[in-house]
Structure formats: C-alpha cells, structure tokens
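Note that the structure is predicted; figures quoted are calculated from it, not measured.
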Amino acid sequence: LGEDFAEAQQKKANYDESQIAPYTLPDLLQTATGKHVSTAEDWTQLRRPEILALFEQHVYGKTPAPSTWGKVDFKVTEVKKDALGGKATRKFIHISLPEHPAWKGMEVMLYTPNGLGKPAPCFVGPSFGGNHAVSTEKDVPLSTRWMRPNKEKNIIDNKATEESRGNESSRWPLEMIIAQGCAVATYYYGDIEPDHADGWKEGLRAALSKDGAATEWKDGDWGAIGAWSWGLQRIADYLETDSDVNAKQLAVIGHSRLGKTSLWTGAQDQRFGVVISNNSGEGGAAIMRRNFGETTAVITKAFPHWFTKTYTSYSNNEASCPIDKHMLIALAAPRAIYIASAVEDEWADPKGEFLSGLNAEPVFALFGKKGYGVREQPAIDTPVGDTIAYHVRTGKHDVTSYDWEQYLKFVKRHFEK
Ligand code: GCU
C-alpha cells in the first residue's frame, strides 16, 4: 500500500506504554535442540548460525549464494585528488555483474581523507537520494535512476533534478567525517532496485533470478532490504582492494529503512566491525512484540517488498515468530553496535530500540564484552554503552551532526583499541 498508507497509520498507532500487552522474548541462548549456550564457542558454532537462518527464513529472506551472481566487476571511473577543498580524494567506482547485464550496476562514491599517512577507517552506507544528494560538490554526476516522488526534495517525475543536489547532505557531514580521519563510501539504494512493490522487476533480484521477473518471490526468498544489503557487501569487496581504506575497519551505517538494511548487513557480513542503526524502528532494531508505534501488520502492508513473504504472516501474530530483534543485535557480537533513536520519532519506538540492545547483552557477555551499563533508557542526549551503545537524541526522525559526533567517537574507540 506504500508510503501514504504508512503515514496515515502514524496518526492511529498506539503510543501508550500501558497499552502494550505483556510478551516473552524468544530465548537467545537455547539452541533448537534445547541445549543452553554458555560459551562464546557454542554461540559461534551452534546458536549464531541457527539465528541467522531464522532471520533468512522469517524476516529478510536468504541472500543468494555467490555462484548465483558470479564475477563482480569494479571499475574506478574517476579519481579527484582535490575534493572538498583539497581535504579529500573522491573516487567513483562502477560495480557491475558481467554475467547479469540486466542489472545496470551501482555507482559508489568514496571520499578518503588526504594526508592521513595510513589507510582510513571507512563508513559504508546507502543513501536515499543518490551521490549528488549526499555531496554538495557540483561535479558529482546526477543519478538518472528512478526515485520516490518528492516535490520538496525536487524529485520530479521520479527523477532527480539539478535542484536536488545536496538535498541529503545534512545527513552526511562529509567535512566533519574527513576531518576526523575517516572515509565514507556510499551508493544510491535505488541502484539495486526501485523502492516500491514492483521495483524488484527492474533490479538486481529479477536480474539474478532464472526467469527474470516472470516468477513472483516466494517464502524465504530475499526482499529489497536483503538486496540493498547485498550492495553494501559488494562495496566491502571493493574496499578490500583500495589501499586508501583500511578494510579491517569498516562501519556499516543506515537510517530508517536503510537502518534496517544496515543491521541485516552487519548480521550477515562480519567484515563490518561496527554496525550502526539510526532510527531503524520496526523491521529494524525495535522489539516487534511491543505494540508501540509502527507494527508488523502496518509495515508488511505498506512495504511487503522489503521482507521475505513469510514475514507478513506475523501481522497481529508476533508471539508466534521465532525471532525478535534482540536476536538481530546479538548477531553483531562480538563486534561493536550502536543503536540510535530520536525522541520525537515515536513511530520507530525508541524504547523498543533500546530494549533490543539491552536484551542482546548476554551474548556479548559470552565474549567478555560490555553492553549499555544501564538498565533503563537513558535521558535525552546522554549516550551510554561500551560494545553495545545507545542514545536517544532531541528532535525528529533524521540523521544529525549530533548523531555523527557519537558515531565518530564510537568508531574511533573501537578501532583504535
Ligand atoms: C516509513 C516506515 C518506516 C521506515 C521509514 C523510512 O515511516 O513506516 O518503517 O523506517 O518510512 O524509511 O523513512
């Protein structure tokens, strides 16, 4: 039903804690055969693969095996050594699948700090508006792909316009990130497929299927979040070949639906040493068993294409789902994970986002890693945590420089240890 339906539901949702029915979270540490997991080794060997498979089966669908997509081609199409007033080098990299030309490929934009004297830690995240929306540099090529209609952002007839340049730049403070000695790699999520129910027919998922768009996606097949996440993982493949980046220090980041994508990427691909969820909400960090803000019923009606088909069966039926989102956070262990909420973003259920991290702590403890250090949601603008961190900031659903200040500190703390 799309964006308008979701927006209309925002006014009707429950925002009253006292109206949340009691629930029990699935046990993180008990295997399918009933064994209690009490060591890091048992988690890694037994329970982690089980939980990953549950998320594939019930939530996001299974990412096809590498043999499905075959060779991945990286072509560096531009290197600009004096980007951002000389402070950074900007590269564009075209990533494509020579064996699947029906998929048009993706344009990665990479900024690395100049004069660092060593390979930089790198944030990797998708954008909503394209590279030209992330950067304010006028020579960034305008994306020609399908975009969600948005007059305010100067998206006209589903296309970016000159006026849409920089419209996402407040969410990507490139100068600040570069000044902190970090790199950024990003791509437009619509390079993978357009974000609407039929988008898959024109994107990667159809290009990789045996009969193109002829067969509908079935239970267990990957949804759009899985496909967007695949894009982030191919960026990691490229970064492993780029000597300006330290590919052992990658942080995956995303906001909202792309925050859900970031979490699923961190769960599947352990090359990301830091995982960041910005206001990911329902279908992301928020506990699905809490009826607060967006619900499973709403998200799977509005955006069924984000998930595998099976997920829809948990509408108003969350208790029968074998996972909840503390298990998604736990899949990041023992790597570092940051969950961020915004106080006015009640639709995303800030407390539910907090609780998933709190309830993932027993897994991090198996590795001797500490979580939040508090049991209650902290005060506004008061970050907490060690290997699992959390804040709820002043303001609305967005990514702000306050958020980035915390992420930069977090990434440095974890990678400089
Ligand atoms: C809608 C949707 C959310 C999503 C958000 C976004 O509000 O209901 O689940 O996170 O869009 O991606 O902006």
Side-chain angles (χ1 to χ4, degrees), residues 23-68 217-223 225-227 229-230 232-233 252 260-273 275 277 280 282-290 296 300 306-314 317-337 339 352-353 355-369 371 387-388:
Y23 59 86
T24 312
L25 293 177
D27 193 337
L28 256 182
L29 293 178
Q30 179 160 313
T31 69
T33 57
K35 182 177 175 175
H36 179 72
V37 170
S38 58
T39 63
E41 202 191 348
D42 276 356
W43 167 260
T44 305
Q45 308 277 323
L46 303 175
R47 189 61 175 144
R48 186 180 195 284
E50 277 180 9
I51 293 180
L52 193 61
L54 290 175
F55 275 94
E56 291 174 344
Q57 248 177 293
H58 300 273
V59 187
Y60 303 115
K62 193 169 167 59
T63 305
S67 59
T68 317
W217 292 87
K218 319 181 285 301
D219 286 349
D221 286 341
W222 58 341
I225 288 175
S229 164
W230 180 93
L232 295 173
Q233 297 173 63
V252 61
K260 312 181 209 298
T261 305
S262 171
L263 286 169
W264 182 228
T265 305
Q268 296 179 90
D269 190 334
Q270 303 198 50
R271 290 175 297 178
F272 295 97
V275 182
S277 153
S280 64
E282 191 66 41
I287 294 288
M288 71 188 285
R289 281 168 174 73
R290 281 169 53 86
T296 312
T300 56
W306 290 355
F307 304 96
T308 198
K309 287 232 158 105
T310 326
Y311 196 49
T312 306
S313 67
Y314 301 112
N317 184 25
E318 287 83 353
S320 71
C321 188
I323 59 90
D324 210 317
K325 297 318 177 51
H326 61 313
M327 296 158 101
L328 182 60
I329 307 306
L331 289 174
R335 295 160 296 145
I337 181 157
I339 304 168
E353 294 179 315
L355 288 174
S356 63
L358 186 71
N359 285 287
E361 286 184 352
V363 172
F364 288 77
L366 296 176
F367 294 89
K369 304 279 184 187
T387 303
I388 316 174

Query raised in the report: Would you say L263 and I329 make side-chain contact, with heavy atoms under 4.5 Å?
Result: yes
Requested in this report: Sequence neighbours left out, what passes side chain to side chain donor-acceptor pair (under 3.5 Å) with D27? Give chain and number order.
Outcome: none
Query raised in the report: Atom CZ of F307 and atom OG1 of T300: how far apart are they, to the nearest 0.5 Å?
Result: 8.0 Å
Query - side chain to side chain donor-acceptor pair (under 3.5 Å) partners for R48, two or more places apart - result: none
Report task. Please list, chain by chain and in numerical order, all residues satisfying ring-ring contact (aromatic ring centres under 6.0 Å, His included) with H58, sequence neighbours excluded. Result -> Y314
Query raised in the report: Got L29 and V363 here, is their nearest side-chain heavy-atom distance under 4.5 Å?
Result: yes
Query raised in the report: Is any NZ, NE, NH1 or NH2 atom of the basic residue among R47 and D42 found under 4.0 Å from an Asp or Glu carboxylate oxygen of the other?
Result: no
**Report entry** Whether E353 side chain and S280 backbone form a donor-acceptor pair below 3.5 Å
**Finding:** yes
Requested in this report: Report the residues that fulfil side chain to side chain contact (heavy atoms under 4.5 Å, CB included) with S229, sequence neighbours left out, ordered by chain and then residue number.
Outcome: Q233, T261, W264, T265, Q268
Query raised in the report: Any side-chain heavy atom of W43 within less than 4.5 Å of one from F367?
Result: yes
Query raised in the report: Any side-chain heavy atom of I51 sitting closer than 4.5 Å to one from L331?
Result: yes
**Report entry** All ring-ring contact (aromatic ring centres under 6.0 Å, His included) counterparts of F55, not counting sequence neighbours
**Finding:** none
Report summary line: F272 meets the ring-ring contact (aromatic ring centres under 6.0 Å, His included) criterion, sequence neighbours left out, with none
Query - Point-to-point distance, once rounded to the nearest 0.5 Å, from CG of D324 to CG of L355 - result: 10.0 Å
Query raised in the report: Can you find a heavy atom in the side chain of W222 that is under 4.5 Å from one in the side chain of W217?
Result: yes
Query raised in the report: Can you find a heavy atom in the side chain of F364 that is under 4.5 Å from one in the side chain of I388?
Result: yes
Query - Under 3.5 Å donor-acceptor, T44 side chain and A40 backbone - result: yes
